Amino acid sequence: MTIRTATAADAAVLAELARRTFYDTFASTNDANDMALHLQSAYGVDQQTREITNREMTTLIVEEGGSAIAYAQLRSDHVPDCVSGPDPVELWRFYVDSSWHGRGVAQSLMERVKAMARQRGARSLWLGVWERNDRARAFYAKCGFVDVGEHIFLFGTDPQTDRVMVASL
Ligand SMILES: CC(C)(COP(=O)(O)OP(=O)(O)OC[C@H]1O[C@@H](n2cnc3c(N)ncnc32)[C@H](O)[C@@H]1OP(=O)(O)O)[C@@H](O)C(=O)NCCC(=O)NCCS
């Protein structure tokens with residue numbers, strides 16, 4: 001398994017992986033129209049190219065046997081009021097292909113994410129996770145994140161409550 005920083009050449013692979021993992025995670029618990037709206041606005045080669053080449057973001061890709069199996073994105077953008085730790089950076093997206101859940105890929109990727117965040121000068125790592133995403137919340141708690149509040153994530157037309165979690169770096 002290798003973990004590396006994505007380049008613009010990875011945009012098509014990332015778009016497919018990101019779209020598929022988002023759908024797999026949330027389709028069964030959400031409205032199909034909201035899902036379609038979100039997929040259309042969030043994923044596509046142009047969109048992922050912009051993200052990969054944005055200097056305020058870092059995209060990591062995990063590969064195994066020549067296939068992309070997980071990715072994570074860090075972003076320096078807004079910071080919610082409930083995040084009070086020093087020098088925060090956002091873990092914006094963190095997705096592992098379902099066939100690799102529970103097999104240590106997520107732990108390895110999280111270690112690399114934290115190292116990358118430190119390299120960017122961050123001392124706190126924050127994220128928003130859907131209040132109903134129990135597995136992700138349990139995973140983040142295992143990785144040292146604590147719940148500090150909430151914010152709203154607009155999923156299609158549906159305003160959903162995300163728990164905001166923070167880890168010290
Ligand atoms: C979230 C994610 C990265 C975690 O990786 P993982 O390999 O599944 O994580 P782990 O198996 O090491 O840890 C998950 C923990 O949740 C627990 N868990 C599993 N299913 C659960 C459930 N339905 N409810 C609550 N906890 C659950 C597991 O038991 C495990 O804890 P344990 O190791 O103490 O037993 C991965 O599941 C994933 O990519 N999910 C889909 C995308 C996603 O939700 N991303 C986060 C968006 S914010």
Side-chain angles (χ1 to χ4, degrees), residues 1-6 10 13-32 34-39 41-43 47-48 51 57-65 67-80 82-83 85 88-117 122 124-156 158-167 169:
M1 188 179 85
T2 57
I3 305 177
R4 62 176 176 81
T5 303
D10 298 307
V13 166
L14 179 64
E16 190 280 326
L17 176 67
R19 184 187 175 86
R20 175 163 49 82
T21 51
F22 190 91
Y23 184 88
D24 289 350
T25 307
F26 300 115
S28 65
T29 41
N30 285 282
D31 177 80
D34 287 325
M35 176 60 77
L37 281 172
H38 182 80
L39 293 181
S41 66
Y43 308 114
Q47 176 66 20
Q48 269 62 59
E51 293 169 2
M57 294 180 57
T58 300
T59 301
L60 293 172
I61 290 196
V62 184
E63 292 168 313
E64 169 67 35
S67 298
I69 60 167
Y71 79 102
Q73 289 179 304
L74 289 166
R75 173 171 84 163
S76 299
D77 194 39
H78 78 290
V79 180
C82 56
V83 174
V89 68
E90 179 182 8
L91 176 51
W92 183 38
R93 291 180 176 141
F94 192 94
Y95 287 81
V96 176
D97 181 278
S98 59
S99 61
W100 291 90
H101 291 178
R103 297 172 66 182
V105 172
Q107 278 79 3
S108 299
L109 181 56
M110 183 59 79
E111 280 169 29
R112 188 65 71 87
V113 160
K114 287 182 175 177
M116 190 59 81
S124 311
L125 187 61
W126 75 271
L127 58 85
V129 52
W130 191 25
E131 60 182 351
R132 291 177 55 191
N133 191 346
D134 293 337
R135 182 165 192 146
R137 291 174 62 192
F139 171 75
Y140 293 136
K142 268 198 314 188
C143 296
F145 286 83
V146 294
D147 189 314
V148 295
E150 64 186 44
H151 71 184
I152 298 300
F153 171 74
L154 188 63
F155 176 70
D158 180 16
Q160 301 189 338
T161 302
D162 275 0
R163 300 311 308 169
V164 174
M165 303 181 81
V166 184
L169 294 171

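All ligand and atom numbering here is 1-based and tracks the order in the structure. Because the structure is predicted, anything quoted here is derived from the model rather than measured.
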What pair of heavy atoms forms the shortest contact from G85 to S124, and how long is it?
-> C-OG, 3.2 Å
What residues come within 4.0 Å of ligand 1, counting heavy atoms only?
-> T25, F94, Y95, V96, H101, G102, A106, Q107, G128, V129, N133, D134, R135, A136, A138, F139, Y140, K142
Using 30° and 60° as the class limits, which term best fits the ring planes of W126 and H78: parallel, tilted or perpendicular?
-> perpendicular
Does any pair with a residue in residues 91-109 pass salt bridge (charged side-chain N to carboxylate O under 4.0 Å, His left out), and if so which ones, sequence neighbours excluded?
-> R20-D97, E51-R93
Residue Y23 excluded, over 12 heavy atoms near OH under 6.0 Å | no
Report the relative orientation of the aromatic rings in Y95 and Y71; use parallel for angles under 30°, tilted for 30 to 60°, perpendicular for over 60°.
-> parallel
May I ask you to decide if the ring planes of Y140 and F94 are parallel, tilted or perpendicular, using 30° and 60° as cut-offs?
-> perpendicular
